[in-house]
Amino acid sequence: MTRATCHAALGLGCMATAAAPPLQAAEWSLAPTFTVGMDDDSNRLLIPDAKSDQSWWLFGNIQLQRTTETTQLTITPQADWNHFTTEALGDIVDRDLSAAFNWTQQRGSLALTAATLDDSTVTTELTETGIASGDLHRRTDEESVSETYSETELSALVFQASYADVSYYGAVVSGPLSLLQGYRYPTASLGERFDLSDRTTLTASAFADELLARLAINDSHEAGGQLEFSHAFSERTRIDVSAGGSARTLRTEVVADGSLALANERSTGTVASADITHTEELGSVALTYSRQLVPYGTGVLAERQLYQFSGTYHLTQKLDVDASVERIENSQSIVLLGLGRRSYTGTTLGLDWRPLEAWKVRAEADSTQSQTVGLVSRPVSGWRMALTLTWAPPYPYIRSF
């Protein structure tokens with residue numbers, strides 16, 4: 001049994017024990033999803049002078065849920081098999097297992113999550129470090145806990161903590177791929193939430209996080225505070241905005257005596273986020289922005305800015321069209337030895353057709369632009385066309401005990 005499996009089994013066992021009050025009737029449900037698809041991609045790895053290739057894939061997951069009056073336990077195993085025509089990629093299998101436990105109490109709520117993820121770097125690293133190979137996989141073990149305790153009718157204490165252990169495995173490699181060393185990443189926050197009205201809340205919190213690299217040198221950490229404002233203008237429109245600052249100690253690249261080395265850089269910075277959502281009968285739109293420090297597989301904590309827009313429009317009862325734009329800007333500190341990505345921009349246009357209640361056919365067109373970093377900066381771009389068929393029953397299978 002692998003270390004990841006042991007962590008997941010322990011977390012799932014604790015959740016199952018907590019979620020089984022002896023005097024409460026439970027409802028069990030099972031919701032499967034299966035997808036088959038194919039695509040044609042002109043630059044799958046976002047590298048200069050790339051050749052187009054095709055892929056076929058099978059995806060499936062099963063959501064098992066146990067619900068009582070006060071608790072809900074959800075366990076979701078899933079697998080994703082991809083076959084690529086490019087010999088260097090071959091066949092890739094992603095295997096994930098996740099669980100979530102929610103407990104509603106008289107004066108608050110508790111939420112626990114645990115997951116073990118085993119994914120190819122082809123799907124995990126392109127928007128982060130940009131270092132990807134069909135021979136390398138990323139293994140992630142992560143757990144989190146969050147609790148809200150109502151002190152009065154208008155105020156509540158909010159606590160959150162999480163831990164992630166990320167490692168890489170695969171064929172013996174050298175050069176840029178060996179830079180993916182992995183990390184451990186604990187985080188925690190404590191705050192006070194105030195209900196200003198039925199539609200408005202204000203939360204003040206303090207937070208801290210630390211990146212522990214595999215190489216025990218110059219670990220990065222951050223500590224700070226932020227304010228979060230949430231307001232529902234109506235049942236259809238909502239805004240969530242947060243802003244704050246932090247003191248940071250980050251590992252960065254320095255050049256000394258003609259050689260590359262790592263050094264600690266102490267500074268202050270800002271954290272911010274904004275989410276705006278609006279829903280109508282004929283569709284919905286969402287805008288997202290975030291600015292924060294995030295961990296990367298090269299073993300550094302670096303600043304990332306994310307911009308997202310997505311929208312859906314219901315053409316008919318069975319036909320939907322959607323569009324999304326995403327831009328990611330990574331700080332140069334994640335780029336070791338001149339590798340990685342400074343920026344990434346992706347645009348997607350999709351069309352969904354539901355010929356039957358449980359079946360969906362999706363046609364999708366994607367465009368991607370990215371800025372590579374090296375001795376000479378060079379932009380790369382690519383396009384992708386995909387067709388998928390998904391079977392997902394609209395209602396789960398339910399049994400009560």
Side-chain angles (χ1 to χ4, degrees), residues 10-29 63 65-76 98-115 142-164 185-210 222-246 271-279 286 288-290 292 400:
L10 178 60
L12 298 181
C14 294
M15 291 180 186
T17 301
L23 299 179
Q24 285 189 316
E27 180 182 86
W28 291 85
S29 64
Q63 185 181 85
Q65 193 169 90
R66 181 184 187 274
T67 305
T68 69
E69 291 183 359
T70 59
T71 66
Q72 184 178 81
L73 173 66
T74 304
I75 301 175
T76 308
S98 61
F101 172 65
N102 295 278
W103 181 19
T104 302
Q105 306 164 4
Q106 185 175 5
R107 300 192 64 177
S109 62
L110 174 69
L112 304 172
T113 66
E142 54 188 10
E143 302 87 26
S144 70
V145 56
S146 62
E147 184 170 11
T148 301
Y149 179 76
S150 298
E151 300 165 310
T152 69
E153 292 183 356
L154 299 178
S155 65
L157 188 67
V158 181
F159 170 76
Q160 294 179 325
S162 65
Y163 178 81
Y185 186 56
T187 71
S189 67
L190 181 64
E192 187 78 14
R193 188 187 67 198
F194 303 94
D195 296 331
L196 304 182
S197 70
D198 293 340
R199 295 184 175 184
T200 307
T201 63
L202 181 67
T203 304
S205 60
F207 63 88
D209 53 66
E210 184 173 17
E222 173 191 29
Q226 66 177 7
L227 287 175
E228 180 180 359
F229 175 79
S230 299
H231 179 69
F233 293 96
S234 65
E235 294 182 355
R236 296 182 175 182
T237 305
R238 183 178 183 85
I239 183 171
D240 294 276
V241 179
S242 68
S246 64
V271 293
S273 67
D275 291 281
I276 303 173
T277 58
H278 179 71
T279 303
T288 299
Y289 168 79
S290 68
Q292 60 182 332
S400 296

Evaluate the side-chain proximity of T203 to F194: yes if any heavy-atom separation is below 4.5 Å, no if none is. no
Side-chain contact, heavy-atom cut-off 4.5 Å: I239 with V241? yes
Pairwise distance CG(N102) to OG1(T71) - rounded to 0.5 angstrom: 9.0 Å
Excluding sequence neighbours, so at least two apart, what forms side-chain hydrogen bond (donor to acceptor under 3.5 Å, both in side chains) with S290? none
Which heavy-atom pair separates F207 from G225 by the least distance, and what is that distance? CE2-N, 3.5 Å
Heavy-atom pair of closest approach, residues V271 and G245: CG2-N, 4.0 Å
In chain order, what residues pass the side chain to side chain contact (heavy atoms under 4.5 Å, CB included) check against S146, with sequence neighbours excluded? A111, Q160
What residues form a salt bridge (Lys or Arg N to Asp or Glu O under 4.0 Å) with R236, not counting sequence neighbours? E280, E281
Work out which heavy atom in E210 is nearest to a heavy atom in P186; give both atom names and the distance. O-CD, 3.0 Å
From S205 atom OG to L190 atom CG, the distance as rounded to the nearest 0.5 Å: 8.5 Å
According to ring pair (Phe, Tyr, Trp, His ring centres under 6.0 Å), who are the partners of F159, at least two apart in sequence or on a separate chain? none
Looking at residues at least two apart in the chain, or sitting in another chain, which of them share a side-chain hydrogen bond (donor to acceptor under 3.5 Å, both in side chains) with H231? T200
Could you please spell out the steps behind the side chain to side chain contact (heavy atoms under 4.5 Å, CB included) verdict for E192 and L157? CA-CA 5 Å; E192 187 78 14; L157 188 67; 3.6 Å; yes
Any donor-acceptor pair under 3.5 Å linking the side chain of R66 with the backbone of T74? no
Could you list the residues that satisfy side-chain hydrogen bond (donor to acceptor under 3.5 Å, both in side chains) with S29, not counting sequence neighbours? none
Test side-chain hydrogen bond (donor to acceptor under 3.5 Å, both in side chains) applied to S273 - qualifying residues, sequence neighbours left out: S242
What's the shortest heavy-atom distance between A156 and S150, and which atoms? CB-CA, 3.9 Å
Can you list everything that forms a side chain to side chain contact (heavy atoms under 4.5 Å, CB included) with S230? Sequence neighbours excluded, please. T201, E228, R238, D240
Which pairs, with at least one residue in residues 146-155 and sequence neighbours excluded, count as a salt bridge (Lys or Arg N to Asp or Glu O under 4.0 Å)? none
Test item: E27 and T68 side chains (from C-beta on) under 4.5 Å apart, heavy atoms: no
Roughly how far, to the nearest 0.5 Å, is OG1 of T277 from CZ of F233? 10.5 Å
Rounded to the nearest 0.5 angstrom, the CD-OG distance for Q292 and S246 is 10.5 Å
T67: side chain to side chain contact (heavy atoms under 4.5 Å, CB included) partners, not counting sequence neighbours: Q65, Q72
Residues forming a side chain to side chain contact (heavy atoms under 4.5 Å, CB included) with S162, sequence neighbours excluded: S144, T187
Check the pair L110, V145 against side chain to side chain contact (heavy atoms under 4.5 Å, CB included), reporting the backbone distance first and the verdict last. CA-CA 7 Å; L110 174 69; V145 56; 3.8 Å; yes
